[in-house]
Amino acid sequence: MSDLHLTEPAPLDLAASSAAVCSAVLKLRGAPLHAALGRIAAALLASPEGSFDAEAGPAWAPEEGALGQDVVAGAERFGRYRVAGRSYGADDRRQLDSLAGLTATLLQVHALAQRTTHAYAQVEAQLAHQSQILDQIHESVLTTDLMGYITSWNRGAEQLFGYSALEAVGRHILFLYADEDPHHPPEDIPDAFAEQGGRMMEVRRRKKSGEVFWASLSLSPLRDLEDHPIGLIAYLTDITERKQAEERLHHLAYYQELTGLPNRTLFGRLVEQALTVTQRNDAIACVLYIDLNRFKLINGTLGRRVGDELLRRVAERFRGALRDEDVVAHLSGDEFAVGLFDIRQHFEATTVAQKLQACLAAPLKVGEHELRVGASVGIAVYPQDGQDAETLLRMADIAMQRAKEKADNPDRSVAFYRMDMNEGMQQRMQIESGLRHALGHGELVLHYQPKFEIGSSRLVGAEALVRWRHPQRGMVPPGDFIPLAESTGLIVQLGEWVLERACAQAAVWQGAGLPPFRLAVNVSAREFTASLPGRVADTLARYRLDPSWLELEITESTLMHDIDDVIAIMDRINALGVALSLDDFGTGYSSLSYLKRFPIDTLKIDRSFTNGLPADTSDCAIASTIISMGRRLGHRVIAEGVETLEQLAFLSEAGCDEVQGYLYAKPLPAYEFETGLRENWLLTTG
């Protein structure tokens, strides 16, 4: 107990006493506080004695000449006031009771504040302890709010990314993402994720230095005291070395280390995937099996180092000869394979096979050696020869063995697995080889089919048609070699030859004094490029041929791409004084919407519509529409393939201007055409 004996207590009223109690509770602790409270009580009641007993129990009976009051707040007891030394009345008791109530309230609030301060100190200590733990672990840990903004950043994160906590906290997590691989950002993670738990993933992130690395990312929800999600906790570990090791293992498992090409396993998987698309599109696919000739001799003679380098060079040439969508693989040793999936006809695979063989024609430089290898190629066709990659590869291998065994020149040998395809391929290859020979050895000739004006029967022009006079096979039909020339690219050389010979012949007729008539030359889509007008101008100048003698026939399909470029080329040709005719009109797709823009002189009705006249109502409707449309646009209209008087009568009645066909004359050699021109046909000058 702390007692204060006041001989002359300074009197205090209740308000002053209350202020004194507040000051004492705020500033004092323990015995000094209790002594001060006793003095305040004595001063309030003008008592000689006053005390505050913090340990006094509830069982106490005041003696005569003394007054006491317990200091209690609710169930919490803080002690008792006691004053003595005079007589006390009811007013004194009320004042002491008020002082005790105020003191109890103040002591209760002070005790709560002390407990709260202690709790906060404990929390701060615990957070500091946890922060130390997070900073000591190797793993980087960061937290974000639900919007993806970083709220904490440990030392591991600083070491991993290179950003300090000051640089990172408050920024959006997206600034760490690698540009080329933005894995699902936090704002894309559904609310259910934060509510139901975390997940792990492998991601690519970017350091402060700009380096991109692989990280293992574990995300967990961050919750408040009421278990509501308030953000995410992210744990990241650098796994770049492991990913690089996995990539090396993957490369070793699926690629030939020597050439870098897919191996047999990966080739099979790629082919299987492509066959699924091919089947869905009801298309054709081919697998080529390629075996190098003379490699084993080179490898055995010059050693494995030279042989390995030779294989690398071959792989480079094969990659350069193929399209991006084609698959090329190095199976083993000197054996390669190619998958073709975007083809229309199986024979197109022979063009690819020949292209691969041709890319090996030039010697390969390996060190001081200039080496030559060739290739035998076997082809299997999906779905005829097999429904899966392994079967197709096996069938192509068998075809390759057949090609190698039966060929006079193994370096140019190609064989299909199916014999009927082989026969067609051999014939096609013979035609292609013969056509290349024919272009340079005078086997090609031009025939001229007259064009006549309906009504007057006057000759208004002629079409120059190429013919192949084969030394053994005789006259080869155009249908046998023109499509082949288009698929192999020979059509460009063929077209150049036709233009040259037609202009040369027209110059002869011009020199002989014949009135000019339009000599039509067909131009393929491959020829119709920006260089065509210049080539035409050079040819006209070389033969001193008046442009009124020349007409170029272009097919409707030529006009289907790059309309503005096509029109620009046509304008340049028109500027030379050369006429333009639209061949095979009506067989294209969308030229009607552009027809009014094309600077053409003549529309030619395709023979596929002429054949059915006048019996086929559909052909009649189409032919009549073309004639009507052409005349309204100011174009002359000519129908090809006219062979009967009934066809001629229909065309005449429909308003067609010109015709060509066997009803008037078949295509003729130059001398026969000139004879007919001088003796039988009237040549119109209009």
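We use all heavy atoms of the structure for the numbers below, so side chains are in, but hydrogens, waters and symmetry mates are not.
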With rounding to the nearest 0.5 Å, note down the distance linking [atom1] in [X] to [atom2] in [Y].
X: L275; Y: F341; atom1: CG; atom2: CZ; answer: 6.0 Å
X: N522; Y: L465; atom1: CG; atom2: CG; answer: 6.5 Å
X: F481; Y: L490; atom1: CZ; atom2: CG; answer: 11.0 Å
X: Y289; Y: I379; atom1: OH; atom2: CD1; answer: 14.5 Å
X: L435; Y: H470; atom1: CG; atom2: NE2; answer: 10.0 Å
X: R526; Y: L532; atom1: CZ; atom2: CG; answer: 15.5 Å

Run the salt-bridge test on [X] and [Y] with the 4.0 Å N-O cut-off and return the result as yes or no.
X: E463; Y: R518; value: no
X: K451; Y: E553; value: yes
X: R636; Y: D601; value: no

Check whether any side-chain heavy atom of [X] lies under 4.5 Å from a side-chain heavy atom of [Y], and answer yes or no.
X: L322; Y: V327; value: no
X: C620; Y: L613; value: yes
X: Y664; Y: V659; value: yes
X: L651; Y: V642; value: yes
X: F452; Y: E658; value: no
X: D606; Y: D583; value: no
X: I605; Y: I627; value: yes
X: P363; Y: L371; value: no

If we count only N and O atoms by modelled type, under 3.5 Å, do the side chains of [X] and [Y] hold a donor and an acceptor together?
X: E443; Y: H437; result: yes
X: Y417; Y: Q384; result: no
X: S456; Y: E453; result: yes
X: Q660; Y: Q449; result: yes

Please check if the number of heavy atoms outside [X] that lie under 6.0 Å from its [atom1] is greater than 12.
X: D538; atom1: CG; answer: yes
X: R544; atom1: CZ; answer: no
X: E653; atom1: CD; answer: no
X: K365; atom1: NZ; answer: yes
X: R469; atom1: CZ; answer: no

Can a donor-acceptor pair be found, under 3.5 Å and without considering hydrogens, that links the side chain of [X] to the backbone of [Y]?
X: T391; Y: Q387; result: no
X: N293; Y: P410; result: yes
X: E679; Y: G676; result: no
X: Q505; Y: L446; result: no
X: R631; Y: I626; result: no
X: R501; Y: V445; result: no
X: R402; Y: F416; result: yes
X: H635; Y: I600; result: yes

Of all the heavy-atom pairs spanning L540 and C503, show the shortest one and how long it is.
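Heavy atoms of L540 and C503 come nearest at CD2-SG, 4.5 Å.
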
Pair V578-V536, side-chain contact (heavy atoms from CB on, under 4.5 Å): steps then yes or no:
CA-CA 9 Å; V578 176; V536 171; 4.1 Å; yes

Please work out which of the three classes, parallel, tilted or perpendicular, describes the rings of W509 and Y448, given edges at 30° and 60°.
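It falls in the perpendicular class, over 60°.
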
Please test M475 against R467 for side-chain contact (heavy atoms from CB on, under 4.5 Å), starting from the C-alpha separation and ending with a verdict.
CA-CA 7 Å; M475 199 65 76; R467 297 293 184 259; 3.8 Å; yes

Derivation of the side-chain contact (heavy atoms from CB on, under 4.5 Å) call for F650 and S624:
CA-CA 9 Å; F650 176 87; S624 298; 3.4 Å; yes

Might you work through the salt bridge (charged side-chain N to carboxylate O under 4.0 Å, His left out) test for R312 and E316, ending with a clear yes or no?
CA-CA 6 Å; R312 280 191 285 267; E316 290 174 1; over 6 Å; no

